[in-house]
Amino acid sequence: MLNDFVKSLIRWYEGSARDLPWRSTTDPYLIWLSEVLLQQTRVDQGLPYYLKFIQAFPTIQHLASASEEEVLKLWQGLGYYSRARNMLQTARYIAYKMNGIFPHNSKTWKQMKGVGDYTAAAISSFAFGEVIPVLDGNVARVTARLLACSEDITKNTTRQLFLQFLEQLIPAAAPAVFNQAMMELGAMVCKPGKPDCASCPVASHCQGRLMGMAASLPVKAKKAKPTLRYFDYFHLVYGNRTWLIRRPSGDIWQGLHEFPMVENTHPEPVPRIPFLQASALQSMALEAEYTHRLTHQLINARFWKIYTTPEQINPLSGIFECAHNRLKEYALHRLMVRYLEQQHIETET
DNA sequence: AATTCGGGGAC
DNA sequence: GTCCCAGAATT
């Protein structure tokens, strides 16, 4: 009957799967790229980035020779920017230290930066036919319902249990299609909160459905509350120039650009501006205020526009200038992009 | 084992 | 508003 499950699953997949560009190739570079882009990212959101990347960097050699600036610029707006830095590092490692030869199995792939259990298994099964199951959020949800398992799926013991189950299920003749099909089922039918059991090709095999508990699975530990942060940004303008800094390491948006800013523990009525002489304060105006929600942080951001002169700006390491009408050509985080859009500051064409 | 790294769509 | 997404690295 397990064999019947696999047959029904794959038959459904062959007949109604989405047509996604990385599914019609076995090029390990393209598959690797798609897997990294799609980590914790919906297909609809990652697809345009995939198309941009394969145009800018058609091969690993193109990527390996790119600067971090260029890669971050293309990654801008997608989030989890460490993926971009890790992928560039791995691209250079494979291109220059491994003569451009990709790892051929999951064990070696897992040694690459930015490649964990899931991505190593995905690349190895999709590009090289390795018989190894993938366990992402979709597969975990499908498996929990299939087995009517109420254990916390974030726990390692539960993951091991699922992998053990999947290893005996995955067909040696078609590991890639099986993995794709399990994920596709989770994305299109066995959705979180609202499983569409009526159109599920393997509903007859599902213990969760049989026991009427499919919709309440999987069980997952709840997250901690986000911490509050208060950012005051200073949009310093003189002539057609403005100022940017790069985000430091060890914090959010690492390596991305933004206006110089101060962080306060509480919202200050008038934020201090360490970048300016006091004489410039009279030209300060609050242009925008946003609440920006991240997974673990809630950021209150205020943008102060200040017209000034070069003489009023104190020297500060890490600050550099750029044309204010070309700001969008830099790698910026979403908060900055929102501000620029509201200010109708567009990229030069 | 617990935290942190984002942005956006579904509800 | 909450939850979750083709997860991984760090502590």
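Since we're looking at a predicted model, the values are computed, not measured. We name chains A, B, ... by the order of the sequence lines, and we start the count at 1 in each one.
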Rounded to whole Å, how long is the line connecting atom [atom1] of [X] with atom [atom2] of [N]?
X	N	atom1	atom2	answer
A:Arg229	B:dT4	CZ	P	11 Å
A:Arg83	B:dG6	CZ	P	10 Å
A:Phe162	C:dA6	CZ	C1'	17 Å
A:Arg18	C:dC5	CZ	C1'	11 Å
A:Leu294	C:dC3	CG	P	17 Å
A:Gln40	B:dC5	CD	P	14 Å
A:His296	B:dT3	NE2	P	9 Å
A:Asn138	C:dC3	CG	P	18 Å

*Nearest of B:dG7, C:dA6, B:dC5 to any side-chain atom of A:Ala187?*
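The listed nucleotide nearest to A:Ala187's side chain is C:dA6.
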*asked:* If you only use heavy atoms from C-beta on, which nucleotide in B:dG6, C:dA8, B:dC5 is closest to the side chain of A:Asp117?
replied: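 The answer is C:dA8.
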Short side-chain N/O contact from [X] to OP1 or OP2 of [N], under 4.0 Å:
X	N	value
A:Tyr80	B:dT4	no
A:Arg85	B:dC5	no
A:Lys225	C:dG1	no
A:His292	B:dG7	yes
A:Gln297	B:dT3	no

List the atom pairs, with distances to 0.1 Å, where a side-chain N or O of residues 124-133 of chain A and a protein N or O form a donor-acceptor pair under 3.5 Å, not counting sequence neighbours.
unit_1	atom_1	unit_2	atom_2	d
A:Ser124	OG	A:Ser106	N	2.9
A:Ser124	OG	A:Ala120	O	2.7
A:Ser125	OG	A:Ala121	O	3.0
A:Ser125	OG	A:Ala122	O	3.2
A:Ser125	OG	A:Asn179	ND2	3.1
A:Glu130	OE1	A:Ser106	N	2.8
A:Glu130	OE2	A:Ser106	OG	2.7

Just checking [X]: base, sugar-phosphate only, or nothing, at a heavy-atom cut-off of under 4.0 Å?
X	value
A:Leu78	base
A:Trp253	sugar-phosphate
A:Leu47	nothing
A:Gln180	base
A:Lys155	nothing
A:Thr119	sugar-phosphate
A:Arg23	base
A:Gly193	nothing

*May I ask you to establish whether A:Arg302 and A:Tyr233 are in a cation-pi arrangement, using a distance under 6.0 Å from NZ or CZ to the six-membered ring centre and at most 45° from the ring axis?*
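Verdict for A:Tyr233: no cation-pi partner in A:Arg302.
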*Taking the nucleotide of DNA chain C with the closest heavy atom to each, which residue, A:Leu135 or A:Pro218, is nearer the 5' end?*
A:Pro218
_I need the residues from residues 30-39 of chain A with at least one non-hydrogen atom less than 4.0 Å from DNA chain C; give them sorted by number, or say none._
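Per residue number, the list reads A:Glu35, A:Leu38, A:Gln39.
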*Pairing of A:Arg11 and A:Glu14 as salt bridge, 4.0 angstrom limit*: no
*Thinking salt bridges, do A:Arg247 and A:Glu258 make one under a 4.0 Å N-O criterion?*
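Yes.
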*Which pairs count as salt bridge (charged side-chain N to carboxylate O under 4.0 Å, His left out) when at least one residue sits in residues 169-186 of chain A, sequence neighbours excluded?*
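Listed by first then second residue: A:Arg18-A:Glu184, A:Arg23-A:Glu184.
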*Quick one: ring pair (Phe, Tyr, Trp, His ring centres under 6.0 Å) pairs with a partner in residues 37-56 of chain A, sequence neighbours left out?*
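Those involving residues 37-56 of chain A are A:Trp22-A:Tyr50, A:Phe53-A:Phe57, A:Phe53-A:Trp75.
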*Mind checking salt bridge (charged side-chain N to carboxylate O under 4.0 Å, His left out) for A:Glu35 and listing every partner two or more places apart, or none if nothing turns up?*
none
Say you pick atom [atom1] in [N] and the same atom in [M]; how far apart are they, in whole Å?
N	M	atom1	answer
B:dA1	C:dC5	C1'	23 Å
C:dA9	B:dG8	C1'	23 Å
C:dA8	B:dG9	P	24 Å
C:dC3	B:dT3	P	16 Å
C:dC4	B:dG6	C1'	13 Å

If you link ILVMFWY side chains whenever their heavy atoms are less than 4.5 Å apart, which other residues fall into the same cluster as [X]? By chain and number, please.
X	answer
A:Tyr80	none
A:Val219	A:Met211, A:Met213, A:Leu217
A:Tyr96	none

Produce the list of close N/O pairs, under 3.5 Å, pairing protein atoms with atoms of nucleotides 9-11 of chain B; give distances to one decimal.
unit_1	atom_1	unit_2	atom_2	d
B:dG9	N2	A:Arg42	NH2	3.3

*Would you please indicate if the ring centroids of A:His235 and A:Phe303 are separated by under 6.0 Å?*
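No, the ring of A:His235 stays outside the 6.0 Å limit from the ring of A:Phe303, centre to centre.
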With a 3.5 Å cut-off and sequence neighbours excluded, list the donor-acceptor pairs that the side chains of residues 292-301 of chain A form with protein atoms.
unit_1	atom_1	unit_2	atom_2	d
A:Gln297	OE1	A:Arg229	NH1	2.8
A:Asn300	ND2	A:Glu289	OE2	3.3

Going by modelled atom types, is there a donor-acceptor pair between the base of [N] and the side chain of [X] at under 3.5 Å?
X	N	result
A:Thr41	C:dG7	no
A:Thr295	B:dG6	yes
A:Tyr118	C:dG7	no

*Could you tell me which residues satisfy ring pair (Phe, Tyr, Trp, His ring centres under 6.0 Å) with A:Phe231, sequence neighbours excluded, listed by chain and number?*
none
*Aromatic rings A:His205 and A:Phe5: how do their planes relate, parallel, tilted or perpendicular, breaks at 30° and 60°?*
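Answer is perpendicular, since the angle exceeds 60°.
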Are there any protein N/O atoms within less than 3.5 Å of an N/O atom in nucleotides 9-11 of chain C, and if so, which ones and at what distance?
unit_1	atom_1	unit_2	atom_2	d
C:dA9	OP1	A:Gly114	N	2.4

_Using heavy-atom distances to pick each residue's nearest nucleotide on DNA chain B, tell me which of A:Gly250 and A:Thr157 is more 5'._
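First, find each residue's nearest nucleotide; the 5'-ward one identifies A:Thr157.
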*Please check if atom CD in A:Gln45 has more than 12 non-hydrogen atoms from other residues, nucleotides or ligands closer than 6.0 Å.*
yes
